[in-house]
Amino acid sequence: MEWREDAIVLGVRRHGETSVIAEVMTRERGRHLGLVRGGRSRKQQPMLQPGNSVAIHWRARLDEHMGTFRIEPLELRAARLMENGIGLNGVQLVAAHLRLLAERDPHARLYDGLAVIVDHLDEPDKAAELMLRFEIALLEELGFGLDLERCAATGRRDDLAYVSPKTGRAVSRGAGEPWRDKLLPLPAFLIESDTACDPQSLVDGFRMTGYFLSRHVFEPRGLAEPLSRAGFLAAIEKIRARTNA
């Protein structure tokens, strides 16, 4: 059994004295593990850093075996990602999110999102918006997608301003006004293509996705929210505050 595919490195762990088990994300085969012989060598270690794009050749006697990877570099961006808190926490956060998925289940949409995120983790505002959209896509891929297209109460598509914490459905400003203190704010840029993403919208957006991730994913599995999520948001805010000072 064998296949070849481009992948993005999510992480590695030691195996024996010279080898590692690499964890990668591929477009067609999802999150996949494989043994890299000699993965701790000076030649291979730089390739196996989280965030790098690599070409994978996987081989195993049977499909259900973990198998081995032969890896060739495509784009080594890890050194750049580790230069600041956004890159360091950002790549750890997407890796943590992807580990919520079953191994080897294909999620092409999330792979494509990951590929875009790792290329923009040195741009604070863009990185934050991309990460927020990634979390929304993750919820959908896990079966807990949000319905942000029309008002749950009236069926209208205009003036959507809130999200119901019970149903994950959008609510219009008029219908939700009496219960606004119990509803989650819906960032306008998520539903209106001509609306810019501003700092408060990002705060509201991450509060929204954080709520639903905790409710539907972390708490039922007995997991805590990844520390890298708080680190990523703190790094974004720190750079924004420095820029506006």
Side-chain angles (χ1 to χ4, degrees), residues 1-124 126-127 130-131 133-135 137-138 141-142 226 228 231-232 235:
M1 306 296 297
E2 63 181 299
W3 50 260
R4 300 172 188 267
E5 192 172 348
D6 292 350
I8 297 174
V9 179
L10 300 180
V12 297
R13 66 175 185 264
R14 293 184 176 185
H15 184 80
E17 294 186 3
T18 61
S19 300
V20 299
I21 294 175
E23 180 184 30
V24 303
M25 184 67 180
T26 70
R27 196 172 197 277
E28 301 298 327
R29 293 171 176 82
R31 186 173 61 86
H32 209 291
L33 301 179
L35 176 68
V36 182
R37 301 189 190 282
R40 295 175 62 187
S41 68
R42 289 185 178 182
K43 179 181 178 181
Q44 296 208 66
Q45 271 190 334
M47 289 190 293
L48 293 170
Q49 299 303 308
N52 284 342
S53 292
V54 295
I56 295 287
H57 181 194
W58 177 84
R59 298 186 67 179
R61 189 169 66 85
L62 297 174
D63 186 60
E64 59 265 28
H65 290 177
M66 179 170 64
T68 60
F69 284 154
R70 270 186 17 211
I71 294 182
E72 297 179 2
L74 293 176
E75 185 172 356
L76 305 184
R77 58 174 74 84
R80 172 172 58 84
L81 296 180
M82 291 188 286
E83 289 178 351
N84 60 72
I86 296 176
L88 185 61
N89 286 285
V91 74
Q92 291 177 355
L93 178 56
V94 288
H97 281 336
L98 291 169
R99 291 184 185 114
L100 297 169
L101 307 169
E103 188 187 346
R104 303 192 181 190
D105 276 359
H107 293 273
R109 181 183 178 190
L110 295 181
Y111 173 82
D112 292 342
L114 170 65
V116 175
I117 287 174
V118 294
D119 274 337
H120 293 89
L121 282 174
D122 55 350
E123 304 173 50
K126 198 162 190 177
L130 289 170
M131 188 68 75
R133 293 185 184 278
F134 185 87
E135 291 191 342
L138 176 69
E141 295 287 311
L142 290 170
S228 52
F232 176 78

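In this structure the side chain of I8 reaches within 4.5 angstrom of the side chain of Y111, judged on heavy atoms. A heavy-atom distance below 4.5 Å is not found between the side chains of V9 and I71.
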Contacts under 3.5 angstrom, residues 83-90 side chains, donor-acceptor by atom type, not counting sequence neighbours:
residue, atom, partner, partner atom, Å
N84, OD1, I86, N, 3.0
N84, OD1, G87, N, 2.8
N89, ND2, G85, O, 2.8

Less than 3.5 Å apart, which donor and acceptor atoms pair up between the side chains of residues 17-25 and the rest of the protein, not counting sequence neighbours?
residue, atom, partner, partner atom, Å
S19, OG, G38, N, 3.4
E23, OE1, R99, NE, 2.8
E23, OE1, R99, NH2, 2.8
E23, OE2, R31, NH1, 3.0
E23, OE2, R99, NE, 3.2

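Scanning for side chain to side chain contact (heavy atoms under 4.5 Å, CB included) contacts around A60 gives W58, H65, with sequence neighbours left out. Partners of Q49 by side-chain hydrogen bond (donor to acceptor under 3.5 Å, both in side chains), not counting sequence neighbours: none found. By the side chain to side chain contact (heavy atoms under 4.5 Å, CB included) test, L142 is found to be paired with L100, L101, L138, F144, V217, R221, residues two or more places apart in sequence or in another chain being considered. Every residue was checked against the side-chain hydrogen bond (donor to acceptor under 3.5 Å, both in side chains) condition with E72, not counting sequence neighbours, and none meets it.
The two residues L81 and P50 have their closest heavy-atom pair at CD1-O, 4.2 Å. Residues L114 and F134 come closest through the heavy atom pair N-CE1, 4.0 Å. Nearest approach of R77 to G51, heavy atoms of both residues: NH1-O, 2.6 Å. Pairing each heavy atom of E75 with each of D119, the nearest pair is OE2-OD1, 3.7 Å. The shortest non-hydrogen separation linking R29 to E5 is NH1-OE1, 2.9 Å. Across all non-hydrogen atoms, the minimal contact from A7 to I56 is CB-CG1, 3.7 Å.
Distance CZ/R59 to CH2/W3: 13.5 Å, rounded to 0.5 Å. The distance from the CZ atom of R40 to the NE2 atom of H15 is 11.5 Å, given to the nearest 0.5 Å. To the nearest 0.5 angstrom, E2 atom CD is 15.0 Å from R61 atom CZ. M47 CE to L76 CG: the interatomic distance, rounded to the nearest 0.5 Å, is 8.0 Å.
The environment of R133 atom CZ is dense: over 12 non-hydrogen atoms of other residues, nucleotides or ligands sit within 6.0 angstrom. By the 6.0 Å contact criterion, CZ on R104 is enclosed, its count of non-hydrogen atoms from other residues, nucleotides or ligands being greater than 12. Heavy-atom contacts from other residues, nucleotides or ligands closer than 6.0 Å to CZ of R80 number more than 12.
A salt bridge links R27 with D112; the closest basic N to acidic carboxylate O contact falls under 4.0 Å.
Listed for the N52 side chain is a donor-acceptor partner under 3.5 Å among the backbone atoms of P46. Using modelled atom types, no side-chain atom of Q92 and backbone atom of F232 make a donor-acceptor pair closer than 3.5 Å.
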